[in-house]
Amino acid sequence: MLPNANTPKTDSGSQNGKRPFHSPSPQSNKKQKLMNGSAHSYVQLQEERQQLPIYSARKKLLQQVQRLASAIVIGETGSGKTTQIPQFLYEAQMHRNHLIACTQPRRVAAMTVAERVAAEKGAEVGELVGYCVRFDDMTNENTRIKYMTDGMLLREAILDPILKRYSIVILDEAHERTVHTDVLFGVVKAAQKQRKNRGLMPLKIIVMSATMDVDHFSQYFGDAPVLYIQGRQFPVEVLYATEPQSDYLFAALVTVFQVHKDAPPNEDILVFLTGQEEIESAVKSIKDIAQDLSQDYPPLVVCPMYAALPAYHQLRVFQPTPKGSRKVIVSTNIAETSVTIHGIKHVIDTGMVKAKSYNAGSGLDLLRVQRVSQAQAWQRTGRAGREAPGSCYRLYTEPEFGKMNINAVPEIQRCNLASVVLQLLALGISDVLSFDFMDKPSKDSLEAALQQLEWLGAVAVADCSAQGKLKLTAVGKQMAAFPLDPKLAKILLVAREHNCLDEMLTIVALLSVESILHTPQNKRDEAVAARKKFVSPDGDHLTMLNIYRAYKSFNGSKQWCFENYVNGRNLKLAAEVRKQLHEISCRLQLPSNSCGRDTTPIRKCLTAGLFMNSAELQKEGKYATLITRKAVAIHPSSSLFMCKPACVVYTELVQTTKCYMRDVCVVDPDWLTEAAPKCFKKKKMST
DNA sequence: GAGCACTGC
């Protein structure tokens, strides 16, 4: 998806608030540059390996892993831990002819690191060294070192909770604390214990991180020893605002031009802002101001950077700056971890980020602009010292920095846990509330997730007491087989009763990718007009199905996508997801069939999964959700906006200026009681 | 009568 220039981050910057960045030796600097090239001879690669800082820690690490069950490795940027540690373990025969897994939070990282390590081993990727990510398994029976996404290992654990194919599991980038990594912590720890109790081959666990919160990891893994590995980060001068800034956007603009005035040309600037709209407007302001500058200033190239930006626009960020000019990149936190941009000398950190927070009580996800954590601030700072010394302008004061959270709240404490809980149950962990999380999610959010699963018919209480053991039902087991939110998995399973699996596979695939609509701000009316022919009176799900069918009938033509204002990239992804879901439904022996032109079966299936997301029209012409009686409205982007159907289900709620329902479908209220008699009966009794 | 940080199976 992204170009080669986008080197994924495999090692992470220092996040220690107290420790200054330290300089690398000149020699290692030269080697670092070599490493960034592409074609190397085997001999060259072996020489480079021995120059890495981690090489000197090799013996100690091997001894520790030999002797103990678990180890923590703290390694800074460029230490080479991700590429070297799996090789050290393999070369020392510690894999015992089983697999060494090394998990990554991101696909691109798993793939490119595997390529690199395979080259170092003088082999093709997919043989001794392989990778496994969704849609792409590059391993075979000879594979011993396997890079994979953390979500992939979690999927495998459902089929095999003690992970018998693996002798060593390395959890890399642990400081990022993704939901998948956090669940894996508990899963590998339990697998290790199980194997020990049953007298099986031990499972060694290595946690690799760039965090300052080392003790937390160590304690969780039985006081595992911690190995520190020096990195190769250049010093970055940190400058704080002298007084608090009320307008971070304005402060950012002023700072950009201050740096532009004082710094030599060819020293590029990276600015961290929070979102697409803010970035586009800042880019425009910078361009406008730059136009009015005198000829004494170097020319300015301004690039926006955010995930939703079309790939060919993203490319610009990676192109080298012409000699004598300066590049300013205005980015979301995508440049914090997911992409590495070369040539950055100055970082401007507004200290703000847009992050998701979840309210278990209302079940509402919402995106909020908030302060970054200290760890994130150091991560941003580190982006200025990748290739040479740099500077970082913090648009907040030092006391303000001191008041920030040391680490970000782990994702598992701020998201809907229905998927996680379903997976834990599928792993055979019945006592979800007391699962050994490194940082426990709140009891409320675990209970809300269980409630949802019970309503969907995925779990049943095995005995009558309130604290009774929970068990997955047959339906729950089938739901867990799909890489989907439980609501969407349920939609697929009920399709067998309504004979419309073909349609539901498409709709669910479309719901699990980002928007397939492309609506440029200045061409909104044209886009709406072009897509009018696809609109279904039954709502957005059916409209999307129409678009997908048309897309397929034009063989995914790019021209067609362009003319109809739909996002070809996301439609293609949906087709890929659909294929995977189809394979799983074949494995579960769900009958493949179509309902033709009748939309009723489709809407009944949607109701069976989305009944918790239902709303009815009130007398005064506004909507209220059925379960929580919350005031909501149809999102203006919906094909049902302006229509007033009596009863609807929706995919999700988004809170902006109002609480909006997104992806709305017209349903019959009787279908709701049919789909979840317990849920709606219960509601009537309590009101 | 509006707007969407970032990943991942």
Side-chain angles (χ1 to χ4, degrees), chain A residues 1 8-9 103-110 132-137 148-159 173 176-184 272-281 305-309 331-339 352-357 365-370 372 376 379 408 411-412 414-415 419-420 422-423 426 479-486 488-489 509 512-515 517-521 524 528 567 570 573 576-577 580-581 583-584 622 633-638 640-643 652 654-662:
Chain A
M1 221 160 58
K9 184 196 66 109
T103 68
Q104 300 292 320
R106 281 171 291 279
R107 292 165 52 93
V108 206
C132 185
V133 298
R134 189 181 190 183
F135 308 131
D136 199 2
D137 182 359
M148 61 204 300
T149 45
D150 43 19
M152 208 68 206
L153 186 59
L154 205 52
R155 279 269 137 210
E156 279 192 27
I158 293 177
L159 302 173
E173 310 289 9
E176 289 194 22
R177 303 294 304 274
T178 66
V179 177
H180 288 154
T181 316
D182 264 32
V183 177
L184 270 179
F272 284 103
L273 292 182
T274 67
Q276 175 174 343
E277 209 177 89
E278 192 178 83
I279 286 169
E280 291 296 353
S281 105
M305 181 72 195
Y306 45 86
L309 194 70
S331 172
T332 60
N333 44 341
I334 192 171
E336 235 169 63
T337 49
S338 301
V339 301
M352 305 306 280
V353 68
K354 202 178 272 190
K356 191 175 245 179
S357 55
D365 273 334
L366 83 129
L367 280 169
R368 267 191 333 192
V369 172
Q370 58 188 54
V372 297
Q376 265 177 299
Q379 183 75 41
E411 198 187 355
I412 200 153
R414 50 184 174 87
C415 70
S419 279
V420 169
L422 182 65
Q423 283 186 342
M479 280 165 64
F482 288 101
L484 291 170
D485 181 279
L488 301 186
S512 57
V513 300
E514 277 164 79
S515 176
L517 309 182
H518 175 63
T519 316
Q521 271 168 5
R524 195 185 298 167
V528 171
N567 185 322
N570 290 342
L573 194 60
E576 213 167 351
V577 172
Q580 186 191 24
L581 300 177
E583 282 163 11
I584 296 168
K622 290 178 178 166
I634 295 179
H635 197 281
S637 68
S638 169
L640 290 177
F641 188 66
M642 306 287 266
C643 307
E652 62 173 355
V654 288
Q655 170 85 58
T656 52
T657 50
K658 265 191 197 173
C659 200
Y660 286 106
M661 300 180 276
R662 280 231 317 230

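What you are looking at is a predicted structure, and each value in this text was computed from that prediction instead of being measured. Values below: all heavy atoms of this structure, side chains included; hydrogens, waters and symmetry mates excluded. So you know, we letter chains A, B, ... as the sequences are listed, proteins then strands, and number each from 1.
- Nucleotide dT7(B) holds its P atom 14 Å from the CZ atom of R414(A), rounded to whole Å.
- Atom pair N333(A):CG and dC4(B):P shows a separation of 15 Å (rounding to whole Å applied).
- For the pair Q580(A) CD and dC9(B) C1', the interatomic distance rounds to 7 Å; values are reported in whole Å.
- Ion pairing of R106(A) with E176(A) is present here, as a side-chain N (NZ or NE/NH1/NH2) and a carboxylate O approach within less than 4.0 Å.
- For the residue pair Q580(A) and P483(A), the shortest heavy atom distance occurs at OE1-CG, 3.8 Å.
- In the model, H635(A) has a side-chain atom that pairs as donor or acceptor with a side-chain atom of S637(A) under 3.5 Å.
- Between atom CD of residue Q379(A) and atom OG1 of residue T337(A) there is a gap of 6.5 Å, rounded to the nearest 0.5 Å.
- Checking dC9(B), dA2(B), dC6(B) against every side-chain atom of H180(A), the shortest atom distance belongs to dC9(B).
- Screening L273(A), T332(A), V369(A) for a side chain to side chain contact (heavy atoms under 4.5 Å, CB included) involving K354(A) leaves a single residue, V369(A).
- Among the heavy atoms of the strands, none lies under 4.0 Å from R368(A).
- Remark: the backbone N or O of S515(A) is paired with a side-chain donor or acceptor of N570(A) at under 3.5 angstrom.
- Distance E411(A) CD to dA5(B) P: 16 Å, rounded to the nearest Å.
- Protein atom CG of L184(A) is 15 Å distant from nucleotide atom P of dG8(B), rounded to whole Å.
- Comparing atom distances between the T149(A) side chain and each of dG8(B), dA2(B), dC6(B) picks out dG8(B) as nearest.
- For the pair T178(A) and dT7(B), the criterion of a side-chain N or O lying under 4.0 Å from OP1 or OP2 is not met.
- Distance CD (Q379(A)) to P (dT7(B)): 14 Å, rounded to an integer number of Å.
- Nearest-nucleotide assignment on DNA chain B puts the 5′-proximal partner with P636(A), out of P636(A) and R155(A).
- Proximity note for L367(A) (side chain, C-beta onward) versus dC4(B), dC6(B), dC9(B): the nearest is dC4(B).
- Within the 4.0 Å cut-off from OP1 or OP2 of dA2(B), not a single side-chain nitrogen or oxygen of R662(A) is found.
- Residue Y660(A) is in sugar-phosphate contact alone, with no base atom involved, counting any heavy-atom pair closer than 4.0 Å across all strands shown.
- In this entry the distance linking CG of L422(A) with C1' of dC9(B) reads 12 Å, nearest Å.
- Note on V133(A): only backbone sugar-phosphate atoms sit closer than 4.0 angstrom, heavy atoms only; bases stay farther off.
- Proximity note for K356(A) (side chain, C-beta onward) versus dG8(B), dA5(B), dC4(B): the nearest is dA5(B).
- Nearest to the side chain of T657(A), among dG1(B), dA2(B), dC6(B), sits dA2(B).
- Protein atom OH of Y306(A) is 14 Å distant from nucleotide atom P of dT7(B), rounded to whole Å.
- Among the nucleotides dA5(B), dA2(B), dG1(B), the one closest to the side chain of T332(A) is dA5(B).
- The side chain of R106(A) sits closest to dG8(B) out of dG8(B), dC9(B), dC6(B).
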